[in-house]
Structure formats: C-alpha cells, structure tokens
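Here's the structure we're looking at; comments come further down.
Each chain gets a letter, A, B and so on, in the order the sequences are listed, and its residues count up from 1.
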Amino acid sequence: MIRLQTEDLDIGALLNQFCLGRTDIGGVVSFTGLARHEDGQVTGLELEAYPGFTEIWIEELVLTAGQRFSLLDALIVHRTGLIAPSQAIVFVACAARHRRQAFEGADFLMDHLKSQAPFWKKQHGPGGTHWIEPRSIDYQDLDRWKVSPGGANK
Amino acid sequence: MAKVLLFGPLRDLAGWRERDFDGVADLASLMAQLDPELALAVNGPGVQVAVDKAIVRGHALLGPRSEVAFLPPMSGG
C-alpha cells in the first residue's frame, strides 16, 4: 500500500498498524527518512509530487520489489508539501517470511525512491531556496540493484 | 488543446505550473510554442516527458485533452 500525505507522519502508529495481527510474517524492516536541520542551514523542505502519476509509479515499484524479494507486504507513506526539520519525509516498511528479504526489500525501495521516484524537493534556508537533485552516491546505490540484461531491474 | 504541467525547477523557471496550449497535434508542435528558454530546459539532461501520465520518448501525438508533463530529475525520500 502506498500513500502520499501532507500531514506529519506518526511513525509508531504506522509500524504498529503494519504489524498488527500478522501471523504469516517473520520479519518487518522499516526505514524512516527525516528532514535534517544542517546546523541551521535548512529551515524546511518542500516536496512536490505529480498526483495520479507518482502513486502509480510507486505502486509499480512496490510490485517489482514484492516479486524480487518475496515480500508478503509493503507500505510506503511519503510526505508532500512543507516539511519541518525533524519531521519524517518518508516511511517504508517491508514484511517477509525471513529477515533478509525484508532488509533487502526496504533497501531496494529506498534507493529507488531517492533518485527515481517522481518527487521534487526544494530546500528552504536562511539564504533562500534551491532544488535538490540526487547525489552521485544515490545513483551508485541504485546501481547495486541492476541485474543482467533481460532481467527485471526497474 | 493540451494541458501542460511543469514540475520542480521547470516551474520556477517558467513562472507557471499549468497552462493550456491550442493547436498542438504532437509533442514537436507543443515544443515550438514554448518560450525558448523553457524549450531549452525541457530538452535538458534528465528531463522526462509524460503524456497522459505515461512516459514517452521522442515523438508523441497529442489528443484534444492530452496532459503533457515535463519531469526534471527527481528526488524523493
């Protein structure tokens, strides 16, 4: 399941709800991305999505991850709009029968969200605003998931 | 008529988020109607184009209610 929302995320509630009553899963791995303050250089982030496109793109990504890592469930909740330092930008949770699949599933989803998902991120600070593009390390992280030609890499 | 959507830095560059363009039968004729600075930017590295919420590459026909989105390099998470 995926959701975009402008409201602050309640990480504990999201994780509890995700795990509640599940008797089929052996492990859940979650990742929470937070907005940094950067010693006062960042007063906030502004996240923009393309409604109706971003959700479908993430749903396809989740399907790919689900098949590749045999996930039993996955949840992505992503903020849009203005985000204050210390608030969560994204929450990802993956459930699987065994821990390795859950770890890899969450890792895969985050690497693709960072540099491929249809979001645009503007940083606000004392000196003004600027758009943030993926760093070279983000693309290197993504390359880790590339498979041989003809494979199912997204 | 096609609806054009701009995201991220392209929106700031153009000064608008959404605009209708008349008489555009395909992507090339739409490009020709864009402000030259914006046309240059949407042809820049890493900018993808979506027509009716599907990524297209190169030529694309536009219908009377097509939605064209220019998507600069993305960053989530």
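- Atom CD of A:E38 has more than 12 neighbouring heavy atoms from other residues, nucleotides or ligands inside a 6.0 Å radius.
- From A:Y50, atom OH reaches atom CG of B:L71 across 7.0 Å, with rounding to the nearest 0.5 Å.
- The local environment of CZ in A:F103 is sparse, with at most 12 non-hydrogen atoms from other residues, nucleotides or ligands closer than 6.0 Å.
- Looking at A:K114, both its backbone and its side chain come within 4.5 Å of chain B, counting heavy atoms on both sides.
- Contact annotation for residues 70-96 of chain A against chain B (heavy-atom separation below 4.5 Å, listed by residue number): A:H78, A:I89, A:V90.
- Put simply, A:M110 and A:L47 are part of the same group of oily side chains (I, L, V, M, F, W, Y) that touch within less than 4.5 Å, one to the next.
- Linking ILVMFWY side-chain heavy atoms closer than 4.5 Å, directly or via other members, places B:L34 and B:L5 in two distinct hydrophobic clusters.
- Among all heavy-atom pairs drawn from A:G52 and B:K53, the shortest one is O-CD, 3.5 Å.
- Between the CD atom of A:E48 and the CZ atom of B:R17 there is a distance of 5.0 Å, given to the nearest 0.5 Å.
- Atom CD of A:Q116 sits about 8.0 Å away from atom CD of B:Q48, to the nearest 0.5 Å.
- The greatest number of non-hydrogen atom pairs below 4.5 Å with chain B, out of A:A49, A:P118, A:S115, is found for A:P118.
- Counting heavy-atom pairs closer than 4.5 Å to chain A, the top-ranked of the candidates B:A69, B:P72, B:A50 is B:P72.
- How far CG of A:D138 is from CE of B:M74: 14.5 Å, rounded to the nearest 0.5 Å.
- Once rounded to the nearest 0.5 Å, the distance linking CG of B:L13 with CH2 of A:W131 reads 12.0 Å.
- Heavy-atom contacts from other residues, nucleotides or ligands closer than 6.0 Å to CZ of A:R36 number 12 or fewer.
- Cluster membership check: A:F31 shares its hydrophobic cluster with A:L4, using side-chain heavy-atom separations under 4.5 Å among Ile, Leu, Val, Met, Phe, Trp and Tyr.
- Closest approach of B:A54 to A:F53, counting heavy atoms only: N-CE1, 4.4 Å.
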